[in-house]
Every structure is written in C-alpha cells, then in structure tokens.
Number of protein chains: 2
Amino acid sequence: MGTSSENAAAGGRGTAVPKEVDYANYFCTYSFLYHQKEMLSDRVRMDAYFNAVFENKHHFKDKVVLDVGAGSGILAIWSAQAGAKKVYAVEATKMSEHARALVKSNNLEQVVEVIEGSVEDVTLPEKVDVIISEWMGYFLLRESMFDSVICARDRWLKPTGVMYPSHARMWMAPIRTGIVEQKLGDYQSSMGDWHNFVDETKAFYGVDMSTLAKPFAEEQRKYYLQTSLWSNLHPHQVIGTAGIVKEIDCLTATVADIEEVRSNFSLSITTENTKLCGFGGWFDVHFRGRSEDPAEHEIELTTAPSVDYCTHWGQQVFLVNPPTHVSEGDDLTVNFLMSRSKGNHRLMEVELGFEIQKHSGKLVAPFKNKYYIE
Amino acid sequence: MGTSSENAAAGGRGTAVPKEVDYANYFCTYSFLYHQKEMLSDRVRMDAYFNAVFENKHHFKDKVVLDVGAGSGILAIWSAQAGAKKVYAVEATKMSEHARALVKSNNLEQVVEVIEGSVEDVTLPEKVDVIISEWMGYFLLRESMFDSVICARDRWLKPTGVMYPSHARMWMAPIRTGIVEQKLGDYQSSMGDWHNFVDETKAFYGVDMSTLAKPFAEEQRKYYLQTSLWSNLHPHQVIGTAGIVKEIDCLTATVADIEEVRSNFSLSITTENTKLCGFGGWFDVHFRGRSEDPAEHEIELTTAPSVDYCTHWGQQVFLVNPPTHVSEGDDLTVNFLMSRSKGNHRLMEVELGFEIQKHSGKLVAPFKNKYYIE
C-alpha cells in the first residue's frame, strides 16, 4: 500500500499511483463479466484481432506470446489456437479466474498460463516473441493502458519480437451535431434552476448562496460543454477532412512520447454552408508486424465514423460553443494538446484551438477551449 | 499513504482504509456543487435541521459547535445565526473552500471557522457543546459516515454536550411493487442474450464461453435482483405494519453497535389479498437534546413513504423474488443482518429472511436471500 514501484502503477513522470486507488478508479470495472461481454460482442474489434492472428499464424506458430491485460483470455486463447507453444495471459483483476476457467474448458491448459497481477509486477520465466494486447481506450489513449504495454515490451519482448497491434493513430475531423444546442440548453436550464435555488434559500433559510454562482457555473459548464462525449457519428456529420493527431509505433514508443500529445494539423471543410459544431476524435490500429518480420496479411482496426460499422469505442466529441459558420474551401489550422489529468492519470485534459482561413478571405477570431476526457 | 491512523479512515474492526482509496470510492462525489445543491434543495431535510436549530436556540446561544462533514457549511451557518459564539465546520473535500466563501459572504467569519480535513485527524482548540451533522445515508447507515460522528463525539464533545440529531431509527415494511417483474424480465432478457452470445462466439470465433454461464448468471442476478433499489414509495405500496430494525442513541452508540445490525422483528399484513413483492427500508432521526438538557421543541426528520413528502433519500427496496401471496392478518417474522461490504466499508451486505404465519393456518416455506446496498 506504499508508493514503491513494487505495488504502484506508474502515473507518468515518476508519480506512483497506489494500487488500491488505481483499482477503485479504474481496474474494478474490468472485473465484471458484463463489461467483458460488451467488448467480446464488438464484432469490429473481434474480427480485427481474430483476423490479425489467424491470417498471420507464422507469427504465432511455435512462438511464445504475452497477452497484456488478458481479461477473459480471448486473445491468449486465439494465440494458442494459432499454434503458439506458450502463452502468458496477464490480468490484474479477478477476471483472471474466469480466464483460467475458459482456457481449461477450451482444452488449452498446456499452452496458456493465466497469471493474476499487473504486468509491471509479474515475473515470466522467459522473454516472448509476441506481445498481443487490446489496450485502446476512447480516443486511443484514455485509460493510459498503453503505458503497461510499453512496460511489458521493455521487460519481456525479445529483440526480434513483434507487437500486436504494431501501429496506432489518433484522428480528428470537424463535425456538425445538434448536441451543442442541446447541451447549451441543459446548461442554461441548470443555471436558471440555480438562480431559483439561491432565491429560495435566501427566502426560506436566511442564507445567501449567490457567492457560489461563479463556481457552480464553472462546474456546470465543464460538465455540459467541456466534457468530451461518447458518440456514434454518422459520416454525414463529418464536414471536412480528417487530420492525423498522433502516430505511434508500438515497437519504439515511450511513455514520454504519449504522456503529452501535442499536435498542429490542417483540415479543410468539404461541406457547403454548414456549421462547425465540434470535432470528432477517433483512432485506428494496424497489425503490420515489424519490418524484419512483417505480417503476411496486414489488418486494420478503425473506429472512424462509418455507415456500416460501429464499435463500443464510438468517437469522442469535443463541442464548439457557439457553432461557427463554415463553408467548402475554408481551411482550419488546429492546435491540440492532450495531457493526463492531475488527479487521475487514466483521464485526460485537452486544450483545443483552431483558426479558420475562410475561402472568402473574411477574418474569423481564433477559438480556444479546454476539455476533459472523463 | 500508509495505514497508520493518521491518514486512514477506520473501516471498522481495526481495518484502516487509505485516504486516497476512500476519496476515489466515496468522498469525491461530495466535492461537487451540483451534489451539494441536490441536498440543499431537499425541503424536508432542510426544514427539519432549520427548525431543529432555530426552535432550540438555547442549545446554540453562546455555545461552541462542531459541524461534522460540513459540506457547503449550511448547518454551521445556521448554528452561528442561532447565536453560537464559535462554530468549527470540518469538511474533508475541497468543498470546504466554498463553505469558507459562503461563511464570508454571509458575514459570519468571526464565528465560523472552516477546517479542511477529516474529523478523525483535525485538532480543535477546545471541546464543543454541540455536534451537528447530517450524516445519514440511504437506509440510514449506507456510507458509514456515523463512524466519523462517533469519533468526533468521543474526541471533542464535552461531557454535557448535545448531539444534533440525538436519535436515529431504521424501519422496514412489507411492500408491493411492479419492479420485481420488471427486474426479473431484465434478468431473463440478459440471460437470453448471453446464450446468443455464447452461440455466436463459438460459431464465429471458435471459443466456447459456456463455462462462464454460471458466474455470469450470478453477476446478473446480483445486479438485477439482489441490489437494493432507490425508490420513492407511495404509502399504498406499503401492505403491512412497519417494524423498527434498529434504534440508535447518538450520544452513546459505538461503532461496534452499528458495524453489524442484527435484528428480528414482527410485521403484520394489513392489505387484503395482495402480493409481498419486497421490503422497503427507511429511517428517521430526532432532535431531542439530552435528558439533562432537552430540546424545547423536539423535531423529527422522517423518510417514511408519504403522499406529501419525498426526500432525496427515498427508501431502499429489497425485492422478494418470486412475490408471495399474502393477506390481511398474516404475520411475518423477519430476521435481518446487515454488515459492511468487505471491499468497501461504506457499502453494505444484507441477509434478509422471513417466515409467514398465515391467518388461514396454511404453511409457507421460509424465505432467505442476500442483498447488496451499493
């Protein structure tokens, strides 16, 4: 329960998070079968990993595999079925007991060893040829689970080893959405209710609460307008080109590379006469193997807005309040800075700004706002 | 961050809960103004405490008061307005900053001192004449905040001191509700979906998940049928007499008295030809002062089912599945055991059983079930 590295997750920049706090804030949700089932029912996710493994058996046949954050053990089981000689499935929560039962009932006990613990703490008997993990959170980095994959890689991956997935990218695009007006209405309604509350508290109870109006408004603004939203965007809502915010090579990335994501990128509006209501953020990952030992069949898992597909990740929406009129040909220069929340390294704070160069030449004031990925 | 008493809340029976874990699990919700406003908007709650203070000014005039878990500081402010010479308002979260602002804007800085910290840890310059606190959680003891009031009382209350409130009681009554059928339907639907999921996972992904059916069913059963529900019961739903589960004298109760609530009590059905679908649990508190220094006007705050009043506490509903046919004149012997959840001392586990002595003489099998107050 202390702060030594033996029983704390790294919160980045050397700050250790006590395991029990990390459990209460984060891990506990993964100990529920209902939550695992949600992820196991995500066909896009399942198909991508299934195909990545079974269309690249050469990476698994007679190899040693480490599954980081194994959950129910599905990736470990597939690795074994694809021919691995040994699979270590590391899972921090009691879900590991269910993973062990699943391994047994699927007759893979000889190959898959389930280990309950943090991958930062466990000791494996050998280094591994493949690290497979489904570590992606909303907008890729929410949950900061990739830190654990990096740690596992640095501790246990052979110099010739392969990462599954091998690459990851964060994307953003300008969008239109009716949600801004809805949230603005909710905020205003909440503030109207606040003023009634202040009047009544003064009248009935003799206490003047008006000094709290400002912090209450800030709290409500943060909640309604500055907290990114989960959404399943329709492609018609995307009103411009998408830009790459961040690219990650899973073989070489360090925690320092991802602790702070700072990016400037350009986008163009492709819809005539519309409103820029926000930005949608999503990610994709790729299974390419490594240059010396590439995948035979490269697989992509994308969470981009799609007519046919949706995933449990959806996209993250950052609202622009008030919406700005834009039109085809307008260019946006976007500056983006994402860092970990001080109180909880698994959540994020975002500073997002943009300038519009209107096709008409008209000048528009720059926009800048702070957001929270909760 | 260790386990010494200096920086851990007592979890009961000598187990210390690290402060950061307690914050992540419990305290953090109280740092939001929106949550404070909800409680401050509860007219029944506000009226009871307001009247308890202002109709008993003799307990406050020129006295020293301690407000345990002061939140926004409302009780501390009222105590000062009722004539206290000094009020210590102790609040563990950053809400204390708002309390301090409120005290200042209501011109009570000379009287009310806001102290940020746990009442287990803070040091006051003197003992106090009154401890006032609004510590009650759902069904009285959820949140286990009364432990902190007991600690404050043992550390800081003068031998002649008075507790506000002075007494508390837990009540239960048999009820009818359509919720049982709804939750049973939700559970069955969830299990139906599970079986589809198992079939598809086998067909598409070659993994047999059937071994997890039993733990999944247990998890879902616990979620849908064994977790107590917040409800605002109508008196018509109460189909029998209410029984006292527990009585607490706030001046003398110990943590051992409340860690485990064990009770046997009798109830009678008062409705003709109905279904026993569950039990509703609620509480009341009283402001009676102490025998040597009684209240001039005794005030009661009750959360019993009411046509005219509802509170943010509602009642806690424990479902009886399947519902049992009962009728006027049937007697119930109820046995009740509530203890703290091992993983989180602020949550509860309940073992509830009953036997029916039917008016007709017919024998009915006893019922027993485990519940979770989450």
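Heavy-atom pairs under 4.5 Å with chain A were tallied for B:Phe54, B:Phe50, B:Tyr23; the largest tally goes to B:Phe50. Ranked by non-hydrogen atom pairs under 4.5 Å with chain A, the options B:Ala101, B:Ser210, B:Pro215, B:Ser72 are led by B:Pro215. Of all the listed residues (A:Thr201, A:Asp47, A:Leu108, A:Ile74), the one sharing the greatest number of non-hydrogen pairs under 4.5 Å with chain B is A:Asp47.
With rounding to the nearest 0.5 angstrom, the CD atom of A:Glu97 is 12.0 Å from the CG atom of B:Leu212. A:Leu33 CG to B:Glu218 CD: the interatomic distance, rounded to the nearest 0.5 Å, is 10.0 Å. Of the inter-residue distances, the one linking A:Ser41 atom OG with B:Glu200 atom CD reads 8.0 Å to the nearest 0.5 angstrom. Taking NZ from B:Lys37 and CG from A:Asp193, the interatomic distance works out to 3.5 Å, rounded to the nearest 0.5 Å.
For B:Asn344, no part sits under 4.5 Å from any heavy atom of chain A, backbone or side chain. Using a 4.5 Å cut-off between heavy atoms, A:Leu40 contacts chain B through both its backbone and its side chain. For A:Phe32, the parts lying near chain B are the backbone and the side chain together; criterion is any non-hydrogen pair under 4.5 Å. Of the two parts of A:Tyr205, the backbone and the side chain both hold a non-hydrogen atom closer than 4.5 Å to a non-hydrogen atom of chain B. In this structure, chain B has heavy atoms under 4.5 Å from both the backbone and the side chain of A:Phe216. For a residue to count as touching a neighbouring chain, one of its non-hydrogen atoms must lie under 4.5 Å from one of that chain's; by this rule B:Phe197 touches chain A with the side chain only. At a 4.5 Å heavy-atom cutoff, the contact between B:Phe204 and chain A is made by backbone and side-chain atoms alike. Within the 4.5 angstrom heavy-atom criterion, only side-chain atoms of A:Gln220, from C-beta onward, approach chain B.
Minimum interatomic distance between B:Asp208 and A:Leu102 (heavy atoms only, all atoms of both residues): O-CD1, 3.5 Å.
Atom OH of B:Tyr223 has 12 or fewer neighbouring heavy atoms from other residues, nucleotides or ligands inside a 6.0 Å radius.
Below 4.5 Å, heavy atoms of chain B meet heavy atoms from A:Ile77, A:Trp78, A:Gln81, all part of residues 76-86 of chain A.
Judged by distance alone, with hydrogens and angles left aside, the side-chain atoms of B:Asn106 form no donor-acceptor pair with the main-chain N or O of A:Val207 at under 3.5 Å.
A:Glu219 pairs by the side chain to side chain donor-acceptor pair (under 3.5 Å) definition with nothing, not counting sequence neighbours.
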Which is it for A:His98 and B:Thr211 under the side chain to side chain contact (heavy atoms under 4.5 Å, CB included) test, yes or no, and what are the steps along the way? CA-CA 9 Å; A:His98 298 311; B:Thr211 195; over 6 Å; no
